[in-house]
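What follows is a single structure, written as structure tokens, with notes after it.
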Amino acid sequence: MAPLLLQLAALGAALVAAALILKQDPTFTYEVIIVDDGSKDQTSKVAFKYCQKYGSDKVRVITLVKNRGKGGAIRMGVFSSRGKKILMADADGATKFPDIEKLEKGLNDLQPWPDQMAIACGSRAHLEKESIAQRSYFRTLLMYGFHFLVWFLCVKGIRDTQCGFKLLTREAASRTFSSLHIERWAFDVELLYIAQFFKIPIAEIAVNWTEIEGSKLVPFWSWLQMGKDLLFIRLRYLTGAWRLEQTRKMN
């Protein structure tokens with residue numbers, strides 16, 4: 001989990017970005033949902049202060065007693081949301097909230113949306129060459145190995161499936177998250193696998209991204225877990241253990 005101050009900064013940045021958009025467009029409405037995935041710090045306590053300051057119609061806090069994993073926590077937030085467009089963002093502030101305008105443009109460029117479904121994925125692929133220069137050979141090998149497994153087993157055409165900055169129409173969120181099984185780090189891959197199965201248009205948009213100290217995964221073990229999840233995704237859908245069917249829309 002990212003340090004509390006980083007989460008606080010990210011929450012503040014989200015509210016500032018929303019206020020700026022509201023200033024430009026008085027008809028714009030928003031809500032910020034913070035999902036505390038069973039953390040042991042003061043995340044919920046600080047988030048509740050924002051809730052009191054801005055009102056529960058603008059800021060809401062969901063506190064999970066037991067850690068469910070990133071995918072499970074985001075799914076909880078998505079199904080608690082009320083907006084026509086749903087942005088998922090990491091709490092460490094690695095991606096800048098003003099970049100939501102880039103995602104919105106990417107989403108609009110996909111129109112006409114089939115059944116009002118579309119997804120815009122933030123991407124760090126354009127920064128890959130720069131990041132490789134700062135990585136060890138081992139970490140670079142793990143990265144390329146993971147990219148290959150994603151392409152070979154699950155998702156083609158998306159260079160960065162793992163960036164935690166994605167904008168979905170409400171209908172796309174309903175269709176994908178209703179079918180989601182993976183609750184840990186590889187949930188993004190299954191999400192996009194489901195989207196491609198249902199032929200939901202996907203735009204990959206380059207966004208600003210900053211390496212945040214203290215928010216990185218443990219490379220080998222976390223990527224080993226994600227690799228295992230990728231195999232599970234492919235095999236369980238291939239064998240029919242998991243099936244994709246039409247799902248009901250969120251109310």
What about [X] and [Y], same hydrophobic cluster or not, with Ile/Leu/Val/Met/Phe/Trp/Tyr joined at side-chain heavy-atom distances under 4.5 Å?
X    : Y    : value
W185 : Y193 : yes
V46  : Y54  : yes
F232 : L192 : no
L191 : F79  : yes
V207 : L110 : yes

Decide yes or no for [X] and [Y]: does some side-chain heavy atom of the first lie under 4.5 Å from some side-chain heavy atom of the second?
X    : Y    : result
I34  : I62  : no
K85  : L107 : yes
N108 : W113 : yes
K66  : D37  : no
Q116 : K84  : no
Y50  : V61  : no
I74  : F177 : yes
V32  : K58  : no

From [X] [atom1] over to [Y] [atom2], what is the distance, rounded to the nearest 0.5 angstrom?
X    : Y    : atom1 : atom2 : answer
M76  : D36  : CE    : CG    : 12.0 Å
K105 : I205 : NZ    : CD1   : 8.0 Å
L168 : R175 : CG    : CZ    : 13.0 Å
R159 : H147 : CZ    : NE2   : 8.0 Å
R243 : S179 : CZ    : OG    : 13.5 Å
I194 : I119 : CD1   : CD1   : 9.5 Å

### Summary
With sequence neighbours left out, the residues meeting salt bridge (Lys or Arg N to Asp or Glu O under 4.0 Å) with R82 are E31
### salt bridge (Lys or Arg N to Asp or Glu O under 4.0 Å) against K228, all qualifying residues, sequence neighbours excluded
none
### Task
Answer yes or no: is there an ion pair linking K70 with E183, defined by an N-O contact shorter than 4.0 Å?
no
### Salt bridge flag under 4.0 Å for residues D99 and K102
yes
Between [X] and [Y], is there a donor-acceptor pair closer than 3.5 Å when you use the side chain of the first and the backbone of the second?
X    : Y    : value
N67  : G69  : yes
S123 : E204 : no
T169 : A118 : yes
R234 : F152 : no
W209 : K96  : no
S174 : E171 : no
R170 : G83  : yes
R75  : L180 : yes

At their closest point, which heavy atom of [X] faces which heavy atom of [Y], and how far apart are they?
X    : Y    : result
S81  : I33  : CA-CD1, 3.6 Å
A173 : V78  : CB-CG1, 3.9 Å
I233 : C154 : CG2-SG, 3.9 Å
I200 : A172 : CG2-CB, 4.3 Å
S44  : T63  : OG-OG1, 2.8 Å
G122 : C163 : O-CB, 3.1 Å

### Task
Apply side-chain contact (heavy atoms from CB on, under 4.5 Å) to Q196 and I158, showing your working.
CA-CA 10 Å; Q196 290 189 338; I158 305 296; 4.2 Å; yes
#### Entry: Worked check of side-chain contact (heavy atoms from CB on, under 4.5 Å) between F165 and L87
CA-CA 7 Å; F165 201 67; L87 175 73; 3.9 Å; yes
### Query
Do the two ring centres, one from F197 and one from Y237, sit under 6.0 Å apart?
no
### Message
Could you go through C121 and I202, starting from their C-alpha distance and side-chain angles, then the distance that decides it, and tell me whether this counts as side-chain contact (heavy atoms from CB on, under 4.5 Å)?
### Response
CA-CA 7 Å; C121 298; I202 303 171; 3.8 Å; yes
### Task
Show your working on side-chain contact (heavy atoms from CB on, under 4.5 Å) between F146 and L230 and close with a plain yes or no.
CA-CA 9 Å; F146 180 74; L230 295 182; 3.8 Å; yes
### Query
Once the angle between the rings of F148 and W151 is folded into 0 to 90°, is it parallel (under 30°), tilted (30 to 60°) or perpendicular (over 60°)?
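Ring orientation, 0 to 90° scale: tilted.
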### Task
Only pairs at least two apart or in different chains count here, so list each salt bridge (Lys or Arg N to Asp or Glu O under 4.0 Å) that has a residue in residues 160-169.
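As it turns out, the salt bridge (Lys or Arg N to Asp or Glu O under 4.0 Å) pairs with a partner in residues 160-169, which skip direct neighbours, are R124-D160, K166-D188.
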### Query
Should we count NZ of K156 as having more than 12 external heavy atoms under 6.0 Å?
yes
